[in-house]
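Keep in mind it's a predicted model, so treat the numbers as computed, not measured.
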Amino acid sequence: MKKLVISAMLLALPTYAWGSGCDCGTINGMITNAKMQTVQEVNAHTTAEGEAIRSEIILAAQNIIGTMKAESATIVRAIVALKESNAANMKGQAIAGQTMKSEDMYGKAAQPAGLCGSTSLGAGVQLSAQAAREVQGTMREKQIEYGNTAGAKPVEHLERVLSDDHPTEKETVDAIFPLDTTLTEDQVAQAHESVKTLANPRPLPVVTDEQKETAAGQIYAASRKVHEGRMETVMDALNSHVAFHSPTLPDDVTSWAKNQWSEAGGSGTPPGLVNDKLSEAGLHKLLSQMRIGNPNWFTQISEATDTGLLREIVMLQAFQYEVARKNNELLDRLTVIASLDYLTRMEGTTGKEMEDLYTRMVGAQQ
């Protein structure tokens, strides 16, 4: 009986297993187990690989960030250096009223001993020349604009000359040829107005675009352009003269001039100094009169050491170079003006003869 029960149980077990879906010892069970193991292994491998990739990405990102920081720091340093360079350039282009020592322009190794140890004169002359160019450029721009005012009538320009605000005859002469060599700020403005009046009192009318379409309008526009070009060349020569007498030297040179004049034994206001301002022309006058008109200078030269004499010789040589440069600039302008004057006079003689010859040989003028 016991054997019969055991046999029945063994026969019933496979049927139960198949019916209940048990995977123990069956083919489906083995396949399922294999799938699960494969999935687990793939998941584990993927997780590990993902962690490795993530670590590599983080490391790469950190490297990139580090590189960017380094490059950014380099860029920042470059920007700072550029700003400093621009600031230095702007400093070199400063106008009168701003101080600048010679070592700022030429470097520490080029500090001049100069006259009585001065280190600001040379740089001050450079600043004065830059400021004078700005004065001259401003006058040129305003005068050209004044001469090319569209729609203005000749009577309107004459009204400006007759206005009470216009410089008087004496003011005009004082502004062009200042008795104290250096102009005041008001005299610079008066000189500007005087140049417009003396050189171009009645600017020619400007033709409109419609008028230029006609043959007569084109001839007038071309003739006016030539006339105004000659006029503005002369006016600019006068502007250069005014700029040379304008108070363009910086304050540190003015202080130096006072000190030098006092040490030279001079009393009162130094030559060329007006309202504590100094022009290039005033500086030339001061450097000259401190020596040729000063008996103390001859005594100082006779008692000076070899180093002092060498400094004075170098100073005078540099001054002569500057005077020669200004004279060459003046001669250059005079040559241009003389050439234009010759051309203008030639138009009334040789030019007219050529026009008549063309009329006789070729026919009527076109």
Side-chain angles (χ1 to χ4, degrees), residues 91-105 112-139 171 173-192 238-294 296-297 311-312 315-327 329-330:
K91 187 177 183 180
Q93 298 172 358
I95 61 175
Q98 293 176 306
T99 60
M100 174 179 169
K101 295 184 180 297
S102 56
E103 56 263 28
D104 293 330
M105 182 174 291
L115 181 63
C116 299
S118 172
T119 61
S120 59
L121 177 59
V125 171
Q126 296 292 332
L127 280 180
S128 178
Q130 293 175 11
R133 285 195 296 271
E134 291 193 12
V135 171
Q136 183 178 349
T138 301
M139 292 177 66
E171 290 173 337
V173 175
D174 289 341
I176 299 297
F177 299 109
L179 295 176
D180 295 322
T181 310
T182 298
L183 295 168
T184 65
E185 293 181 358
D186 290 338
Q187 285 179 322
V188 173
Q190 292 174 351
H192 169 61
L238 295 174
N239 294 340
S240 175
H241 169 78
V242 173
F244 183 54
H245 291 271
S246 298
T248 54
L249 280 162
D251 293 338
D252 59 339
V253 177
T254 301
S255 300
W256 169 86
K258 292 179 180 179
N259 181 66
Q260 292 298 295
W261 180 247
S262 176
E263 290 187 2
S267 59
T269 302
L273 197 69
V274 177
N275 295 341
D276 282 340
K277 297 293 183 180
L278 196 62
S279 64
E280 286 188 76
L283 176 62
H284 290 187
K285 183 177 181 180
L286 172 66
L287 293 176
S288 174
Q289 293 196 4
M290 272 175 37
R291 292 167 174 82
I292 193 65
N294 179 17
N296 296 326
W297 179 70
R311 288 180 176 179
E312 186 67 4
M315 177 65 189
L316 291 177
Q317 187 66 54
F319 177 52
Q320 289 174 357
Y321 282 143
E322 178 64 13
V323 172
R325 184 190 69 81
K326 294 297 297 185
N327 286 337
E329 180 181 331
L330 176 61

With distance as the sole test, does Ser246 use its side chain to make a donor-acceptor pair with the main-chain N or O of Val242 at under 3.5 Å? yes
Please check if the side chain of Thr182 supplies one atom and the backbone of Leu278 the other of a donor-acceptor pair under 3.5 Å. no
OG1 (Thr181) and CG (Leu283) are apart, to the nearest 0.5 Å, by 11.0 Å
Side chains of Lys258 and Thr269 in contact at under 4.5 Å (non-hydrogen atoms): no
Separation between CZ (Arg311) and CG (Leu316), nearest 0.5 Å, reads 14.0 Å
Heavy-atom check, side chain of Glu322 versus side chain of Lys326, under 4.5 Å: yes
Closest non-hydrogen atoms of Ser279 and Phe244, given as atom of the first, atom of the second and distance, are CB-O, 3.7 Å
CG of Leu249 to CD of Glu280, rounded to nearest 0.5 Å, is 6.5 Å
Taken to the nearest 0.5 Å, the spacing of Gln187 CD from Glu185 CD works out to 11.0 Å
Contact between His241 and Phe177 at the side-chain level, heavy atoms closer than 4.5 Å - yes or no? yes
When every non-hydrogen atom of Ala257 is compared with those of Pro270, the smallest separation belongs to O-CG, 4.2 Å
Interatomic distance, OG1@Thr248 vs CZ@Arg133, rounded to 0.5 Å, equals 10.5 Å
Tested for side chain to side chain contact (heavy atoms under 4.5 Å, CB included) against Pro247, the lone hit among Asn275, Leu273, Val188 is Val188
**Message:** Run Met139 and Leu238 through side-chain contact (heavy atoms from CB on, under 4.5 Å) and show every step you take.
**Reply:** CA-CA 10 Å; Met139 292 177 66; Leu238 295 174; over 6 Å; no
Residues at least two apart in sequence or cross-chain that pass side chain to side chain contact (heavy atoms under 4.5 Å, CB included) with Pro178, listed by chain then number, are Leu183, His245
Identify whether the distance between the nearest side-chain nitrogen and carboxylate oxygen of Glu329 and Arg325 falls below 4.0 Å.
-> yes
Output for pair (Ser255 OG, Gln260 CD), nearest 0.5 Å, gives 11.5 Å
Closest non-hydrogen atoms of Ala132 and Ala243, given as atom of the first, atom of the second and distance, are O-CB, 3.5 Å
* In plain terms, say whether Glu312 and Arg291 are close enough for a salt bridge, that is, a side-chain N and a carboxylate O under 4.0 Å apart. => yes
